[in-house]
There are 2 protein chains.
Amino acid sequence: MTERRELMIGDFARRSRLPISTLRYYDRIRLLSPALVDPTTGYRRYTLEQLPAATLIARLRALGVPPASIARILTDRSTAATVLLHERQRIETQIEAGRRRLRQLDELLTDDAQSTYDVDIVTLHPREVAALPFLLPAAELEPGVTRTIARLRSALRHGGHRRTGPWGATFPVDLADNVSGFAFAPVDRIEPGDLDTAPLPAGRALTTIHRGSPATLPLAYHAVFASLDQRGACPGGPVLEEYTNLDNPNESTFTVRICLPINEPGEHPAPGH
Amino acid sequence: MTERRELMIGDFARRSRLPISTLRYYDRIRLLSPALVDPTTGYRRYTLEQLPAATLIARLRALGVPPASIARILTDRSTAATVLLHERQRIETQIEAGRRRLRQLDELLTDDAQSTYDVDIVTLHPREVAALPFLLPAAELEPGVTRTIARLRSALRHGGHRRTGPWGATFPVDLADNVSGFAFAPVDRIEPGDLDTAPLPAGRALTTIHRGSPATLPLAYHAVFASLDQRGACPGGPVLEEYTNLDNPNESTFTVRICLPINEPGEHPAPGH
DNA sequence: GCTGAGCCCTGAAGCCGGGTGAGAGTCAAG
DNA sequence: CTTGACTCTCACCCGGCTTCAGGGCTCAGC
């Protein structure tokens, strides 16, 4: 009945409360195209029937739903619930990230004596540990290591092994695009074929302990590198991180021990390289 | 002592855990420039002293602090606390916005019988009300009106006036870039010079009631416009919104009455325009 | 028929915070 | 001298639009 009632883009913009430029953009990306385009003038003609779609788009965009997802909802209404639940999850993670940032910002604000790290020099003894390798983009190192440790944990449980020390991970000092290393844990018994194992780097190493949020871990590395320069030494192998209180959800008790094997000045490079 | 120790961009990138491309970018926007640039080769030389700054930048960027704010912090350490508190507030509003979006998304998911609006035709009688004008960008209409009503509220309190009906606002139907209109409230007495007052639009009007989150208000407008088309009428003056349960923080009881003055077919346009 | 106002069109460029790639120059080791 | 790793600049890409320049269409008034 109202099918012949057509609106120029300006009328449609006022009705839908969307800017004209945005409507043209939505036409370009095929999110919402006019019912008809005059073939001679190129004028866009919208119909009243298109208004609910425009309103839905405006609502969803205001909620931050990306146009691509909205297009999926419009073309296939049956997937709407799935897509929306997915968006819901996205917003929830965003909120969680916001909370975490808030905490870290507060740390920054209250943290005055933050960068006092004591770097010691120690000798690492050779150790054979249960290990699980990973290959991760540098940007996802921290969550990826956490996941790898979780998998190692269940592997140990299945094998009936008992952990005799803190969880850890080792990987090259220089983080390339993709970091390959392994998560590890010392265990009570090593049986061939039963479990993947690996030797940990050994020899002289610089070590320091970082407490609290992993976000400030680079500061600890900075201290280690400064000490390295001071001694005129250079890195002698993959770095080693040991995590304690990993299972404790309270972030403030979380601690990381960093061990960086070194070649001291006037020394031959470590064998095996 | 270590002042002569210089790092090429690659070394500095590994130490600071920032991508080389980002370091070059930060140089371009003068957020973090190398201590020295070789005049013949153009090679950037960073010093160890710049590492803490790089680490600080990385931390703040990870928290979503924009580079411009970080630059302010770096050039003037005394403003750091101010800037950080400001960022803190920004994140808090972000989280709040996320929560609101979540609620609205849930409304979308649960809302099935959403778009049933009954549009009635009524006659508005002329009324003189206490008023406070506003001029707002269309995008900030809703919060701006809320703020204007708050100012009107305190003006009424100062003048010892008593409100005799719901808060409201009126503004043109076609939202231009800047919307000029006024917030109003009917009061018990009108005395010249005592309070700004204004007449409300009168005559025949279409009206409907919207309940719940303001985010879905456009649906109500859509229903009003559809009714307008059906009657072959056109808008006859600024639209009028009346808000009840505005003071109640519970969003689900919030209701808006929309009144759109109209010119009915075959009628002369309203006088006064 | 002409003019001007107010619509409308297209295509290109700009915004942020970088990421990516081409093509060329530099440096140290063998 | 060559090789390979490193560096440089310049320019273009992303999303989700907005804005601008340069034009065409339509209608009312004269």
Side-chain angles (χ1 to χ4, degrees), chain A residues 6-46 54 57-72 87 90 94 137-140 172 174-178 234 269, chain B residues 6-34 36-46 54 57-71 87 90 94 137-139 174-178:
Chain A
E6 288 170 357
L7 299 163
M8 308 255 10
I9 197 172
D11 301 322
F12 194 73
R14 277 185 289 273
R15 295 273 173 111
S16 63
R17 315 239 149 169
L18 284 168
I20 291 180
S21 57
T22 302
L23 286 176
R24 283 204 268 253
Y25 175 67
Y26 287 166
D27 183 15
R28 249 211 338 270
I29 64 172
R30 302 186 197 293
L31 173 57
L32 177 66
S33 293
L36 195 97
V37 177
D38 186 311
T40 69
T41 67
Y43 279 25
R44 293 170 179 83
R45 312 285 180 161
Y46 294 82
I57 291 172
R59 284 178 71 184
L60 289 172
R61 281 302 298 132
L63 298 180
V65 181
S69 304
I70 301 180
R72 270 213 303 287
E87 290 300 325
R90 204 175 48 81
Q94 266 179 21
E140 297 169 23
D174 293 353
L175 300 181
D177 295 4
N178 284 298
C234 61
Chain B
E6 289 171 354
L7 299 163
M8 302 287 285
I9 197 172
D11 301 322
F12 194 73
R14 277 187 287 273
R15 294 272 173 109
S16 63
R17 314 240 152 170
L18 284 169
I20 291 180
S21 59
T22 301
L23 286 176
R24 284 204 266 253
Y25 175 67
Y26 288 165
D27 183 13
R28 234 190 18 245
I29 64 172
R30 302 187 199 290
L31 174 57
L32 177 67
S33 293
L36 194 98
V37 178
D38 186 310
T40 69
T41 67
Y43 277 27
R44 294 170 177 83
R45 313 286 179 156
Y46 294 83
I57 291 172
R59 285 177 70 184
L60 290 172
R61 282 299 299 134
L63 298 180
V65 181
S69 304
I70 301 180
E87 289 300 324
R90 203 175 49 82
Q94 266 180 21
D174 293 353
L175 300 182
D177 296 2
N178 285 299

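Note on naming: letters A, B, ... go to the chains in the order of the sequence lines (proteins, then strands), and numbering restarts at 1 for each one. Values below: every heavy atom of this structure, side chains too, minus hydrogens, waters and symmetry copies.
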A/Thr22 vs D/dT18: side-chain N/O to OP1/OP2 distance below 4.0 Å: yes

Integer-rounded Å distance: C/dG17 C1' and B/Arg30 CZ: 17 Å

Sugar-phosphate only, base, or nothing, as touched by B/Arg24 at under 4.0 Å among non-hydrogen atoms: base

A/Leu23 CG to D/dT18 P, straight-line distance once rounded to whole Å: 10 Å

Distance test, side-chain N/O of B/Arg61 to OP1/OP2 of C/dG17, below 4.0 Å: no

Under 3.5 Å: donor-acceptor pair, side chain of A/Arg59, backbone of A/Leu63: no

Earlier contact from the 5' end, DNA chain C, for B/Met8 and A/Ile9: A/Ile9

Donor-acceptor pair under 3.5 Å, B/Tyr43 side chain vs C/dG25 base: yes

Separation of C/dG6 C1' from A/Arg14 CZ (nearest whole Å): 11 Å

Cationic N near anionic O, under 4.0 Å, B/Arg24 to B/Asp27: no

Nearest-angstrom distance from the residue atom CZ of B/Arg44 to P of C/dT26: 15 Å

Residue pair B/Phe12, B/Glu6: steps toward the side-chain contact (heavy atoms from CB on, under 4.5 Å) verdict: CA-CA 9 Å; B/Phe12 194 73; B/Glu6 289 171 354; over 6 Å; no

Interatomic distance where CG belongs to B/Asp11 and C1' belongs to D/dT7 [whole Å]: 12 Å

Which residue lies more 5' along DNA chain D, comparing A/Thr41 with A/Val65 via nearest heavy atoms: A/Val65

Closest nucleotide among D/dT18, D/dG16, C/dG17 to the A/Pro19 side chain: D/dT18

Short side-chain N/O contact to D/dA11 OP1/OP2 from B/Arg28, under 4.0 Å: no

A/Arg45 side-chain N/O to C/dC8 phosphate OP1/OP2 under 4.0 Å: no

Nucleotide C/dG18, atom P - distance to CD1 of B/Ile57 in whole Å: 10 Å

Reported CG-to-OH distance for the pair A/Asp38 and A/Tyr43, which is rounded to 0.5 angstrom: 9.0 Å

Integer-rounded Å distance: D/dT9 C1' and B/Asp27 CG: 12 Å

Sugar-phosphate only, base, or nothing, as touched by A/Ser21 at under 4.0 Å among non-hydrogen atoms: base

Between CG on residue B/Leu32 and OH on residue B/Tyr25, distance to nearest 0.5 Å: 13.5 Å

Whole-Å distance separating the CG atom of B/Leu32 from the P atom of C/dG17: 16 Å

